[in-house]
Protein chains: 2
Amino acid sequence: MTSTASYRGRGRPRGFVEDEALDRAIHVFWEHGYEGTSLSDLTAAMGINKPSLYIAFGSKEELFKRALVRYKDTYVAYAAGTLEEPTAYAVIESYLRTAVDALTGSGHPPGCLSIQGGLSCAPSNSGISEFLAAYRAVFEGELAQRLARAEKEGDLVGGTDTAALARFVVTLGQGLAVHAAAGAGREDLQAAVEVGLRAIAAYVPSGTSVTPAAANGA
Amino acid sequence: MTSTASYRGRGRPRGFVEDEALDRAIHVFWEHGYEGTSLSDLTAAMGINKPSLYIAFGSKEELFKRALVRYKDTYVAYAAGTLEEPTAYAVIESYLRTAVDALTGSGHPPGCLSIQGGLSCAPSNSGISEFLAAYRAVFEGELAQRLARAEKEGDLVGGTDTAALARFVVTLGQGLAVHAAAGAGREDLQAAVEVGLRAIAAYVPSGTSVTPAAANGA
DNA sequence: GCATTTCTGTACCGAGTGGTAGGATCCGCC
DNA sequence: GGCGGATCCTACCACTCGGTACAGAAATGC
């Protein structure tokens, strides 16, 4: 229905692949933010012209929202995966470590679109910052739920404020994103994560396995 | 020299107080970011018109930079003060707690100007985001120095990676700012800080006093 | 072939951007 | 009072913004 596939209709076919153009848009928004990106920047990067953009995506704002959705499904897919880890500690550790890799990975701008996109905007664009804030809140909620389950399952000490723990983790993650956007390297961020994980260890019942060394694997 | 005081010169006197106008500018930039703020927004908030603004501050960009300097000297003066605390733990605890208060205080927009101002900008405004990043790096450096001193003085366990510790603290602080900008309340942020302080405790030699109260019991 | 349908390209729209010119206005000094 | 000097206000500048009208181009269906 959303015609992401190559629909062979009756008229002249599109000269571009929608998801491909969307990926280009993601990169521009990611690097320069919503307000720092003009339609000219977008059309130049996407390789299409304004009427085509408008027909395909509706408006700059709708394009941004669709870009964010795709961003989530591609660049941030790892986050959902981390929730599947067996224990609370493993979830948090996995999330923070993969976040660092994602924030500083090559092939895309550093940092996180959901923050760089528009932490604060002009009044006329306030919908953007609200949309982004709501988006960020979703993962925090999912993580809080996951940690609440973990507390019931006994791999967090009883009585742990799981909401606070989740908030701490995403807060640290967002701080990492800010740092990454400013050019901090992977090692720098990993070092901060190691410190943060020390805090988590305090909420893990003694006896539960906490990955022993810092960054190395099993 | 900078004529911040009311200089009685030979010509017509100014119809506004410079620092007062600067404070208004700070608030607008703080809430909407550099690119989300137009000259019209500024003149309306500052109560002066464009030529006066231009004569007094040079340009939008110079106004922003002067606003950031004043912001640092007023709204973020607490940060420098926290470095005077006697121990590393006290420094970090004081910084994070006062940061939460500052980020969610009344009488000004939530969050932090140095982040909301322009985490990422259009290419033509890249100087702004770089300027902000450099500004943020200053405090991280000061904190790292302070913690290095603390390690020598023995109130951090020997061999502590003080740079990583400093980076963790400011990373958490920046995450708090992102959350605050999105509307998180004081209690929410404090809860995250409590978790973070657990990590710090791991770097404090046993016997050193760690403020007991806060969130945990003993 | 030809009508139909859809997309592409150019050229344009009103509104708003950051920034400025020039004159009116108000002041201290003489 | 008159002069020189600094500020304030109106109106405007070239430019870019997001968004669109319209005609030409390329495909399908008959």
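Residue numbering restarts at 1 for every chain, and letters A, B, ... go by the order of the sequence lines.
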**Student:** Rounded to whole Å, please give me the gap between NZ in Lys50(B) and C1' in dC13(D).
**Tutor:**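 Interatomic distance, NZ of Lys50(B) to C1' of dC13(D): 10 Å.
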**Student:** Given dC8(D), is OP1 or OP2 found less than 4.0 Å from the side-chain N or O atoms of Ser52(B)?
**Tutor:**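 Looking at the OP1 and OP2 atoms of dC8(D), one of them is under 4.0 Å from a side-chain N or O of Ser52(B).
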**Student:** Roughly how many Å is it from OH in Tyr54(A) to C1' in dT10(C), rounded to a whole number?
**Tutor:** 19 Å
**Student:** Take atom CZ of Arg14(B) and atom C1' of dC9(D), then tell me their distance rounded to the nearest Å.
**Tutor:** 16 Å
**Student:** Ile55(B) CD1 to dA21(C) P: how many Å, rounded?
**Tutor:**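 So the two atoms are 10 Å apart, to the nearest Å.
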**Student:** Which of the following nucleotides, dG9(C), dT10(D), dT7(D), is nearest to the side chain of Arg12(B)?
**Tutor:**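 Comparing dG9(C), dT10(D), dT7(D) against the side chain of Arg12(B), the answer is dT7(D).
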**Student:** Nearest to the Leu39(B) side chain among dG18(C), dT8(C), dG19(D), which nucleotide is it?
**Tutor:** dG18(C)
**Student:** For Ser38(A) and for Phe16(B), find the nucleotide of DNA chain D with the closest heavy atom, then tell me which residue's nucleotide is more 5'.
**Tutor:** Phe16(B)
**Student:** Take the protein atom CG of Leu53(B) and the nucleotide atom P of dT20(C), then report the distance between them rounded to whole Å.
**Tutor:** 12 Å
**Student:** Taking CD1 from Ile128(A) and C1' from dG18(D), how many angstroms apart are they, rounded to a whole number?
**Tutor:** 13 Å
**Student:** Side chain of Asn49(B): nearest nucleotide among dC9(D), dT10(C), dG5(D)?
**Tutor:** dC9(D)
**Student:** Heavy atoms from C-beta onward define the side chain here; which of dT4(C), dG19(D), dT20(C) lies closest to that of Arg10(A)?
**Tutor:** dT4(C)
**Student:** Would you indicate, yes or no, if dG18(D) has its OP1 or OP2 atom less than 4.0 angstrom from a side-chain nitrogen or oxygen of Ser59(A)?
**Tutor:** no
**Student:** Between Lys60(A) (NZ) and dT16(D) (C1'), how many Å, whole number?
**Tutor:** 12 Å
